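Single-structure report; data block below.
Heads up: numbering here begins at 1 and tracks the sequence. On a predicted model such as this, the values are computed, not experimentally measured, just so you know.
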Amino acid sequence: MPLLRSNTADKFIVDRRKPHRNSDVARAVRKTRDRLSQQAGSLDFDRELLKLHARAMIVSAVAIPPLVLSVAGIGWLAGLESRIIIWALATLLCYAIVAFMARRVERTEAAELDPVLARRDFLIGHFLCGLGWAWFAWIGCATCQIDQFHVAKAMVLLIAMATTAILASSLGGALFATFAIPVAVYVYAVIRLWMPIEATMAALLIAALVFFGYFARHLNRASLMLLSFRSEKDALIAEVETAKSMSDEARRRAEDANLAKSRFLASMSHELRTPLNAILGFSEVMANEVLGPMNNPTYRDYAHDVHESGQHLLDLINEILDLSRIEAGRYQLNEEPVVLLTIVEDCCHMMELRARNKDIRIVQEFEETLPRLFADERAVRQITLNLLSNAIKFTPSGGEVRVRVGWTAGGGQYVSVKDNGPGIPEEEIPVVLSAFGQGSIAIKSAEQGTGLGLPIVQGLLAMHGGEFELHSKLREGTEAIAIFPLSRVMEELPALPTTAVAAARARR
């Protein structure tokens, strides 16, 4: 099973991956999405559509004039003379008016824009442009040098209609306001001739007007949907940023509170231990009857109970203070060359009596020779004792605790303590590795601890640059591995030459 680490101080067994832990954020995001989905016809979207139409009309100031000037040039060469020039000037003036209105709308802030008034002005401007195209549809030329003159006019109207359908799609009704009258005028102009080709072109213009109107409507809906998606995205980003800011602030406050707690406890070492040492000393004097016999044996038993309770409380306070100093960064390592084999062997001897009381056998499997480690001997001893204590505590009577010391694959050294106890369920391992965390088996056990042993082991190993691994399987046992990195292993230096060898070298 891979290494599992705990990043929480939660002592209860929970699955932090479930989405219900972020239900408030999810609810806020869902509420925003629903609110935005109901704003399809809001004034904000109408203003945005008018802004889009204004930008499109500014672009059309570059697209439409070349078409008008090209038609005017061809008409002049064909013999229309001044009539086509006057039409071109009038049409360009109408489009200039629309471009001027578009520039004014674009420069106006969206919040200050009146959508009803702006829409009305734009429709009037497009209607004026439509009158220019109606004039073009009415122009006739009996002496022109262009065959099928009405077909050419229809083609020009089709091009202008398609361009307008694309550019003015953000404004509903703009296409019909521009080309309804020109198409009607063209149909009236060619119906008098009653020629098959002219009638076909008239029908084509009518069908094109309907088709381009349908096309412009769908473009308008697409633009509206795009604005809706963009607004929803912006709102969701804002909601996520708000939730992230709240989460960061809550985490910062929790970290500050935890750091303040750790610093407070780390500075309370003298204040907590001094009265406890007095209680332990005086209770031990009374229990051992150093100053004289106690006539009442019950008082002597009470003195023993006070001494044992005080010792248990002192051990608990020592563990809390050690963990607090580690978390506050005030735990000082007294690093020196140590022999890992010797320390682990001493710890096994210290726990031997406790193991025998439960009929547990401690099996030692050590490498024959290991170089020294540059580490804190007290910390290494505390790591080993904590692992052995946990293994003996949860190993049933008649069980076995196997202790191994050796090389790691990366060149470091490790201490492994494996028992054949009840094991730990996989989902409870993060809880066991957290501060004050206890699994269900430990809670049901008669020998309940404080839940600080493994967090202290992790903290001490982290200060040495090492790692801690906990492998366990239910009803098969648990293996705890403390790993010291290669950087902590000290290389053996070659022996210095003796005096005789040095003298011989000097004579050479």
*Glu479 with Arg404: basic N within carboxylate O range, under 4.0 Å*: yes
*Heavy-atom distance under 4.5 Å between the side chains of Pro455 and Phe468, does that happen here?*
no
*asked:* Just so I know, are the side chains of Thr408 and Gln413 near enough to count as touching, which here means a heavy-atom distance under 4.5 Å?
replied: no
*Phe374 CZ: over 12 foreign heavy atoms closer than 6.0 Å*: yes
*Give a yes or no on this: more than 12 heavy atoms of other residues, nucleotides or ligands lie within 6.0 Å of atom CZ of Arg217.*
no
*More than 12 non-hydrogen atoms from neighbouring residues, nucleotides or ligands closer than 6.0 Å to CG on Asn295, yes or no?*
no
_Heavy-atom count check: over 12 atoms from other residues, nucleotides or ligands less than 6.0 Å from Met286 CE?_
no
*asked:* I need the Thr395 OG1 to Glu400 CD distance, nearest 0.5 Å.
replied: 9.5 Å
*asked:* What I'd like to find out is whether the side chain of Leu49 reaches to under 4.5 Å of the side chain of Leu171, using heavy atoms alone.
replied: no
*Does a side-chain heavy-atom distance below 4.5 Å link Asp376 with Val338?*
no
*asked:* Is it the case that the side chain of Ser397 and the backbone of Lys358 share a donor-acceptor pair, with hydrogens and angles ignored and the cut-off at 3.5 Å?
replied: yes
*asked:* Within the supplied structure, the quantity of interest is the number of heavy atoms (other residues, nucleotides, ligands) at a distance under 6.0 Å from Tyr414 OH; does it exceed 12?
replied: yes
_Can you tell me how far apart CD1 (Ile166) and OG1 (Thr163) are? Round to the nearest 0.5 Å._
6.5 Å
*Can you check whether Phe122 reaches Val105 side chain to side chain, under 4.5 Å on heavy atoms?*
yes
_Check this for me, if you would: do Asp248 and Lys244 make a salt bridge, where the nitrogen-to-carboxylate-oxygen distance has to be below 4.0 angstrom?_
yes
*Taking the side chain as every heavy atom from C-beta outward, state whether Arg381 and Asp346 have any pair of such atoms under 4.5 Å apart.*
yes
*Worked verdict on Ser416 versus Val403 for side-chain contact (heavy atoms from CB on, under 4.5 Å)*: CA-CA 6 Å; Ser416 171; Val403 183; over 6 Å; no
*Considering all heavy atoms of both residues, which atom of Phe394 and which atom of Pro422 are nearest to each other, and what is their separation?*
O-CD, 3.0 Å
*Which value, rounded to the nearest 0.5 Å, describes the distance between Leu167 atom CG and Leu52 atom CG?*
12.5 Å
_Side-chain donor/acceptor of Arg300 to backbone N/O of Pro293, under 3.5 Å_ = no
*Does the pair Arg104 and Asp121 meet the rule for a salt bridge (charged side-chain N to carboxylate O under 4.0 Å, His left out), with working shown?*
CA-CA 11 Å; Arg104 185 183 61 185; Asp121 293 342; 3.5 Å; yes
*Validation row: Glu345, Cys348 side chains within 4.5 angstrom (heavy atoms)*: no
*Enter the distance from Arg221:CZ to Ser169:OG here, rounded to the nearest 0.5 Å.*
13.0 Å
_His464 NE2 to Leu333 CG distance, which is reported to the nearest 0.5 Å_ = 5.0 Å
*When you look at CZ of Arg252, are more than 12 heavy atoms from neighbouring residues, nucleotides or ligands closer to it than 6.0 Å?*
yes
*Please walk me through it: do Arg354 and Ser389 pass side-chain hydrogen bond (donor to acceptor under 3.5 Å, both in side chains)?*
CA-CA 9 Å; Arg354 183 177 175 184; Ser389 176; 3.1 Å; yes
*Please report the shortest heavy-atom distance between Arg103 and Ile58, naming the atom on each side.*
NH2-CG2, 3.8 Å
*Should we count CD of Glu255 as having more than 12 external heavy atoms under 6.0 Å?*
yes
*Looking at Leu460 and Ala379, what are the two nearest heavy atoms and their distance?*
CD1-O, 3.9 Å
*asked:* Set out, in order, the CA-CA distance, both residues' side-chain angles and the distance that settles side-chain contact (heavy atoms from CB on, under 4.5 Å) for Met490 and Leu373, then state yes or no.
replied: CA-CA 6 Å; Met490 302 179 64; Leu373 282 177; over 6 Å; no
_side-chain contact (heavy atoms from CB on, under 4.5 Å), that's the test. Do Ile429 and Leu470 meet it? Break it down for me._
CA-CA 8 Å; Ile429 290 183; Leu470 186 65; 4.2 Å; yes
_Under-4.0 Å salt bridge between Lys51 and Glu106_ = no
_Ile424, Asn390, Asn420 screened by side chain to side chain contact (heavy atoms under 4.5 Å, CB included) with Thr478, the one that passes_ = Ile424
*With the threshold set at 4.0 Å, does a side-chain nitrogen-carboxylate oxygen contact exist between Glu249 and Arg251?*
no
*Going by the angle between their ring planes, with limits at 30° and 60°, are Tyr299 and Tyr302 parallel, tilted or perpendicular?*
tilted
*Closest heavy-atom contact between Leu175 and Ala165?*
CD1-N, 4.0 Å
*Verify side-chain contact (heavy atoms from CB on, under 4.5 Å) between Lys418 and Val401, making sure each step is shown before the conclusion.*
CA-CA 6 Å; Lys418 184 177 182 181; Val401 174; over 6 Å; no
*Please report the shortest heavy-atom distance between Leu50 and Ala118, naming the atom on each side.*
CD1-CB, 3.8 Å
*Just how far is it from atom CD1 of Ile360 to atom CE of Met351, taken to the nearest 0.5 Å?*
9.5 Å
*asked:* Restricting to non-hydrogen atoms, name the atom on Ile481 and the atom on Ile483 that form the minimum distance, rounded to 0.1 Å.
replied: CG2-CG1, 3.7 Å
